[in-house]
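A short write-up of the structure that comes next.
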Amino acid sequence: MSAPATLLLLAACFAGLAGVCWILAVAIERVRRGRWVRTEGEWAECETRLARVWQVGYVVEGQPYRVMPLLNAGPLRPDHPVVVSYSPLNPRRAVIDTRYHRSGAVILAGISSAGTALVLALGACAVAVSA
């Protein structure tokens, strides 16, 4: 096998491994949150020293809590209620339970990496055949 084909194949393996890792990370996180409780929360705009940010406020047994989105809330409509999943053992551990915030971008990155791996592997085959 030629050096370019070997490099393409190595890059394909790396991209495929990265894609599998991204997808497995999401799957493990979803299993970990399998027993979490869902409730409805409300978006609230908060000002920090640096910027205005969005948080979601939710109430568990009369106690108010807030959760910060891991991703920017800009594409969402913050004037509507949102579902929050929280740990029944520690209600402070919570995530915003929308497809956007529930690792949708990470799954997309994993699928993109796997697709890149396939293209690179096909490229490596084409280079090897033509050499």
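Computed from a predicted structure; not experimentally measured. Note: hydrogens, waters and symmetry copies are ignored here, and every other heavy atom, side chains too, is used.
Side-chain contact between R92 and Y65 is present, with heavy atoms from C-beta onward closer than 4.5 Å. The side-chain heavy atoms of V83 and E40, taken from C-beta on, include no pair separated by under 4.5 Å. Side-chain contact between W36 and V95: present, with at least one pair of heavy atoms (C-beta onward) separated by less than 4.5 Å. Within the 4.5 Å cutoff, side-chain heavy atoms of V56 are placed close to those of I96.
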Please tabulate, for the side chains in residues 106-116, all donor-acceptor contacts under 3.5 angstrom to protein atoms that are two or more places apart in sequence or on a different chain.
{"unit_1": "S112", "atom_1": "OG", "unit_2": "L108", "atom_2": "O", "d": "2.9"}
{"unit_1": "S113", "atom_1": "OG", "unit_2": "A109", "atom_2": "O", "d": "3.1"}
{"unit_1": "T116", "atom_1": "OG1", "unit_2": "S112", "atom_2": "O", "d": "2.8"}

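The shortest heavy-atom contact between P4 and V127 is CB-CG1, 4.1 Å. Here the shortest heavy-atom pairing between A117 and G16 reads CB-N, 3.3 Å.
Annotation for L118: hydrophobic cluster partners, listed by chain and number, are L122 (ILVMFWY side-chain heavy atoms under 4.5 Å, direct or chained).
Here the straight-line distance linking atom CD1 of I23 with atom CD1 of I28 works out to 12.0 Å at 0.5 Å rounding. A distance of 10.0 Å separates SG in C125 from CG in L8, rounded to the nearest 0.5 Å.
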Requested in this report: I would like to know whether V59 and T39 meet side-chain contact (heavy atoms from CB on, under 4.5 Å); could you show each step before the answer?
Outcome: CA-CA 8 Å; V59 178; T39 189; over 6 Å; no
Report task. Evaluate the criterion side-chain contact (heavy atoms from CB on, under 4.5 Å) for residue pair V84 and D97; output intermediate values, then yes/no. Result -> CA-CA 5 Å; V84 175; D97 202 2; 5.9 Å; no
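Residues that satisfy the side chain to side chain contact (heavy atoms under 4.5 Å, CB included) test with V37, not counting sequence neighbours, are Y86, P88.
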